[in-house]
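Working notes for the structure below.
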Amino acid sequence: MGKDTIADIITYIRNADLNRKGTVQIPFTNITENTVKILLREGFVENVRKHKKNDKYFLVLTLRYRRNKKESYKTFLNIKRISTPGLRIYSNYKRIPRILGGMGVVILSTSRGIMTDREARLERIGGEILCYIW
């Protein structure tokens, strides 16, 4: 795991999704826990559980897929990193972008913790735009 934990989460999930894995194991930190809780609450992940291995904690995510009769496998999760350590992107609550006209989710890091764009608009606070999910 590198220094950019959000990018690591996105990479773990995207790689597991491309390799058609049902589960993915992510190292546990407070940032990863809060981000994964948002993914679970918004319905992008089926299940999350905490796992301890060799005195280290991991989050085990069960990924969700679309099942279609013609095509047996379609990815359900599209995720894009926005703010990076080299270029931080901040926004006030009025200028938080709407992904797919409000169908997607923007994850923000605010002074009150990590939250979605809808929650930030309701509380009228802005912050650093971490990623887009659709």
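Given the structure is predicted, the values throughout are model-derived calculations rather than measurements.
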Within 45° of the axis and under 6.0 Å from the centre of the six-membered ring of F28, does NZ or CZ of K56 qualify? no
I26-V45 co-clustered via ILVMFWY side chain contacts under 4.5 Å: yes
Tell me, please, which residues at least two apart from R124 pass side chain to side chain donor-acceptor pair (under 3.5 Å). Y93
Considering residues at least two apart in sequence or located in another chain, which fulfil the salt bridge (charged side-chain N to carboxylate O under 4.0 Å, His left out) criterion with R14? none
Rounded to the nearest 0.5 Å, what separates atom CG in L130 from atom OG1 in T84? 11.0 Å
Expected output: side-chain R64 to main-chain G43 donor-acceptor under 3.5 Å: yes
Interatomic distance, S83 atom OG to L108 atom CG [nearest 0.5 angstrom]: 10.0 Å
Using every non-hydrogen atom in the two residues, find where G126 and T110 come nearest and quote the distance to one decimal. O-CG2, 3.5 Å
Value for CG (L40) from OG1 (T62), rounded to nearest 0.5 Å, stands at 9.5 Å
Contacts of type side chain to side chain donor-acceptor pair (under 3.5 Å), residue S91, not counting sequence neighbours: none
Roughly how far apart are F44 CZ and L39 CG, rounded to 0.5 Å? 7.5 Å
Heavy-atom distance under 4.5 Å between the side chains of V48 and V60, does that happen here? no
dist L18:CG -> I13:CD1 (nearest 0.5 Å) comes out at 12.0 Å
Does K50 make a cation-pi contact with Y57, if we ask for NZ or CZ under 6.0 Å from the ring centre and within 45° of the axis? yes
Side chain to side chain, I79 and W134, heavy atoms closer than 4.5 Å: no
Under the side chain to side chain donor-acceptor pair (under 3.5 Å) definition, can you give me all pairs with a residue in residues 34-43, not counting sequence neighbours? R41-E119, E42-R118
Between E128 and S109, a side-chain donor and acceptor under 3.5 Å: no
Side-chain touch L63/T23, heavy atoms, less than 4.5 angstrom: no
Closest contact, heavy atoms only, G104 versus D117: O-OD2, 4.4 Å
Give the intermediate values and the outcome of side-chain contact (heavy atoms from CB on, under 4.5 Å) for residues I38 and I114. CA-CA 9 Å; I38 289 174; I114 296 177; 3.7 Å; yes
Decide yes or no for N78 and I133: does some side-chain heavy atom of the first lie under 4.5 Å from some side-chain heavy atom of the second? no
Would you say I31 and Y12 are hydrophobically clustered, going by side-chain heavy atoms of ILVMFWY under 4.5 Å? yes
Applying salt bridge (charged side-chain N to carboxylate O under 4.0 Å, His left out), name anything that partners K80, two or more places apart in sequence or on another chain. none
Under the rule for salt bridge (charged side-chain N to carboxylate O under 4.0 Å, His left out), what residues qualify as partners of R112, not counting sequence neighbours? E123
Side-chain heavy atoms nearer than 4.5 Å, only ILVMFWY residues, links allowed to pass through others: does that put I82 and L100 together? yes
Would you call N47 and L61 a side-chain contact if the rule is heavy atoms closer than 4.5 Å? no
Should L87 and Y132 be counted in the same cluster of Ile, Leu, Val, Met, Phe, Trp and Tyr side chains packed under 4.5 Å apart? yes
From NZ (K52) to CG (N54), nearest 0.5 Å: 10.0 Å
Taking all non-hydrogen atoms of both residues into account, name the closest pair between T32 and P27 and its distance. OG1-O, 3.3 Å
Side-chain touch R81/I6, heavy atoms, less than 4.5 angstrom: yes
